[in-house]
Each structure stands twice: as structure tokens, then as C-alpha cells.
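Reviewing the structure listed below.
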2 protein chains.
Amino acid sequence: MLRISKMTDYATVILAHLAGDEPVRRTAVALAELTGIGLATTSKVLKELQRAGLVASTRGAHGGYALARPAAAISAADIIDAVEGPVGLTECATHPGQCDLESSCRVGRSWQRVNVAIHRALADVKLTQLTGRDGAAMPVPDLTILLGARPGVRVRA
Amino acid sequence: MLRISKMTDYATVILAHLAGDEPVRRTAVALAELTGIGLATTSKVLKELQRAGLVASTRGAHGGYALARPAAAISAADIIDAVEGPVGLTECATHPGQCDLESSCRVGRSWQRVNVAIHRALADVKLTQLTGRDGAAMPVPDLTILLGARPGVRVRA
DNA sequence: TGATACAGTACCATTTTAGTCCTATTAGAC
DNA sequence: GTCTAATAGGACTAAAATGGTACTGTATCA
Ligand code: FES
Ligand code: FES
């Protein structure tokens, strides 16, 4: 099945430790100890998250990292995009026209649609849900794979 | 974003060429020519598809491959599983208990649920839809990410 | 029995991933 | 000011996954 990278998993774990009940600021060292992930790696991940704007950093003494926005406003899709970059579901999807098979292949577009559908689904999964601290059964994101829809026939967006 | 492997894309292209209006049987060589994929690679993919039970093979003269079931009964999930194996979304998901971080990490389970949700979504996307030969806007799989649901609270399954 | 076509698998090259390390920069404390 | 705690940004390496090829064996049919 589809796979998220280890780094993305790390990122989630780290973010979860920053998503306390009120906003906390923690140093990379502290987070490394809390999570059990190697310091260097923790640091690397945090830098990526900061570049992507998911965490805010402060340098110098008493510095550290904190969530840039509330946990409820950070989605699984955000995390994945931050760590893994915006690579598409298929290779052809990202560089259209580059693929040799494109002539005999009517498949690319479809995968691409699956792609956005999944992405959209993941965008509805918030960090609060990933950490499990989100209380009772929440309003379920009514996600609909719109693969079948002809272009423009947006179904239940 | 999440990525399917090139091999999976190949598989889809190949399957698409087997999914004519009525069941066709084609040799690996023919499929390689039709699709533009290298013969060796085509062959490899076909073997995997046959092991997974998606295509049926006949050996010897006049042999070849054909779909093992109607295109409408083959899903994107089937294809991915066949080619990429049953690896989970996270590493921890597949070998529970193996992960060092498992103590400080309450994330694994959640990803796993995301995993099954996506898998379920992909199971509703049929080969007919991937090839685009499925006529008008089809009944949309009413897929629901059930991440928020507490265990047992199955939402709109 | 020979030709055709699949089955299995071992193999290699390339790319991607995971992880480390080093240097620069910023902020605060004394 | 300058020392120290912390992040920023890379370069770099080792290990694994991926994509692709080749070879050997086996089944089927004319
Ligand atoms: S394989 Fe590249 S466009 Fe379909
Ligand atoms: S990282 Fe392995 S269980 Fe969460």
C-alpha cells in the first residue's frame, strides 16, 4: 500500500509533543529526549517543519520551537507536504508531457484525480485527531472520491 | 505527497490494455508493444499481476494473459496491493511492537486508521474508471474517512 | 520434438531515504 | 562586548528501495 516516509512519522510524533493543551515552546534537545528520536534527526525534521511554516522557531538562549498555529489547523496533508515535498502520486503527474507512454496511456489523468481526492481527504485529518486528544467522535469529514465525476461535475464538494 | 510506484502505473496501463470491451488475451510481447513499456519489465509486471490473481495466464503457443475478472471488479487498491505488496502506511503499522518509539508515541494507531480509510477509498475506484471508459458520471463511492470515530463507532460504513 | 510463451528468480545500477556532522547566525545573560 | 544557548543551512555518507535486465526452467500446442 501507499507509504508515508519514516520522516513524516517522526514529524507527526514531534508535532504531537508540541500540541499540548496550551502552546508550548520546546528546544530540539528536549523534543529529542521526549520522543526518543535522535537529536540530529529531530533537528532536521524541525527545520523542515519551520520552512514549511508549521512551527515557529526562536533562536538563542531560551529559544525553541512551537506550533505556528493551533493543532486543529494543522492537517495530515500539511505534514506530509512539508516533509516529503509536493511530489505527485505518479511521476507523470508532476512533469506533464515528459512521459514516453503518454500516447498509449489514458491512465495518468485518473491517478491524478485519485491523488487530489486523497490529498483532500488528508487535509481534513487534523493534528488533534492524529494525537487522539480530540474528545468524542468528531464531525466526520464527508470526503468523497470524485474520481467518477466528469470534469466540472463536482460531486458533493 | 503520497506516491505510487512507477511499476504500479505500468500495471495500470497494462491492465487497461487488457480491459477491452470484451475479454482479450494478449501475449507479453504484444502488450509491451502496445504500451511502449520494455518487454522484460512488462513481463515482470504481468507475473506479479498473475500471482496476485488479477490476470489469468496461459502458457505455450497461443498463450498469453487476460483479465481474471471483469474490469469493473478490479480496483485501484487491488493493483497497488498486487504490485507494491501489503506494506502499511507506516513501518510501525506492519510490525506492531517492533517500534522503539511506541511508548512515547500515540500516533501510530491514527496513521493506521488513515491507512485503512485510504485503502477503502481506493477499493472503490475500479479499473473501468481508471481507464476512463466508464461512460457518464458514475455513482460516486460515498467514501468517508473514519479517522475521528472512536473504535467501534463506525461512521457511515 | 521443436517452437512459443509463461514462471521464477537472481542480478545490477540508480535513486531515494535516513541519518550525521559541520559551520554560520541569532538572541540573551553577564 | 563577549560567552553561551539555541536554531539555520548545508554537505555528506550509508543503507535501503526501485527500476530494469537476464537467465534458466516449464508448460502447451502443432
Ligand atoms: S505512464 Fe506516464 S502518462 Fe501514463
Ligand atoms: S513511530 Fe512507531 S509507533 Fe509511532
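Keep in mind that the numbers below use all heavy atoms, side chains included, and drop hydrogens, waters and symmetry copies. We name chains A, B, ... by the order of the sequence lines, and we start the count at 1 in each one.
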Looking at C:dG8, I'd like to know if its phosphate oxygens (OP1 or OP2) sit under 4.0 Å from a side-chain N or O belonging to B:R51. yes
Would you find a donor on one side and an acceptor on the other, under 3.5 Å apart, between the side chain of A:E33 and the backbone of A:A30? no
If I take atom CG in residue A:D9 and atom P in nucleotide C:dG19, what distance separates them, rounded to the nearest angstrom? 11 Å
pair A:T41-A:M7: side-chain heavy atoms closer than 4.5 Å: yes
In whole angstrom, what separates A:I37's CD1 from C:dT17's C1'? 15 Å
Does A:G38 or A:G60 map to a spot on DNA chain C nearer the 5' end, using the closest nucleotide for each? A:G38
Base, sugar-phosphate or nothing for A:S43? Non-hydrogen atoms, less than 4.0 Å. nothing
B:K44 has an atom NZ; how far is it from atom P of D:dG19, in whole Å? 9 Å
What distance do B:I37 atom CD1 and B:T42 atom OG1 have between them, rounded to the nearest 0.5 Å? 5.0 Å
Once you round it to whole Å, what is the distance between P of C:dA10 and CD of B:E48? 14 Å
Value in whole Å for how far the C1' atom of C:dC6 lies from CG of B:L54: 17 Å
Measuring to OP1 and OP2 of C:dA5, would you say a side-chain N or O of B:Y65 lies under 4.0 angstrom away? no
Ranking C:dT20, D:dG19, D:dA8 by distance to the side chain of B:M7, first place goes to D:dG19
Among D:dG10, C:dA7, C:dG28, which nucleotide has an atom closest to any side-chain atom of A:K47? D:dG10
Which nucleotide in the set C:dC21, D:dA8, C:dC6 lies at the smallest distance from any side-chain heavy atom of B:T27? C:dC6
Looking at D:dA17, I'd like to know if its phosphate oxygens (OP1 or OP2) sit under 4.0 Å from a side-chain N or O belonging to B:S5. no
Decide whether B:D78 and B:S75 meet the rule of one side-chain donor and one side-chain acceptor closer than 3.5 Å. yes
Rounding to a whole Å, what distance do you find between B:Q50:CD and D:dT26:P? 17 Å
Would you say B:T58 reaches C:dC6's phosphate, i.e. side-chain N/O to OP1/OP2 under 4.0 Å? no
Among the nucleotides C:dC21, C:dA29, C:dC6, which one has an atom lying closest to any side-chain atom of A:A40? C:dC21
Taking the side chain of B:K6 as heavy atoms from C-beta outward, which of D:dC29, D:dG19, C:dT20 is closest to it? D:dG19
Distance in angstrom units between A:L46 CG and D:dG9 P, rounded: 13 Å
Is the shortest heavy-atom distance from the side chain of A:V24 to the side chain of A:H17 under 4.5 Å? no
note: A:R26, atom CZ; D:dA6, atom P; distance rounded to Å ~ 13 Å
Taking the nucleotide of DNA chain C with the nearest heavy atom to each, does A:L39 or A:H62 sit closer to the 5' end? A:L39
N/O donor-acceptor pair, side chain A:R59 with base D:dT7, under 3.5 angstrom: yes
Residue that, paired with A:I14, satisfies side chain to side chain contact (heavy atoms under 4.5 Å, CB included) out of A:D9, A:V45, A:L34: A:V45
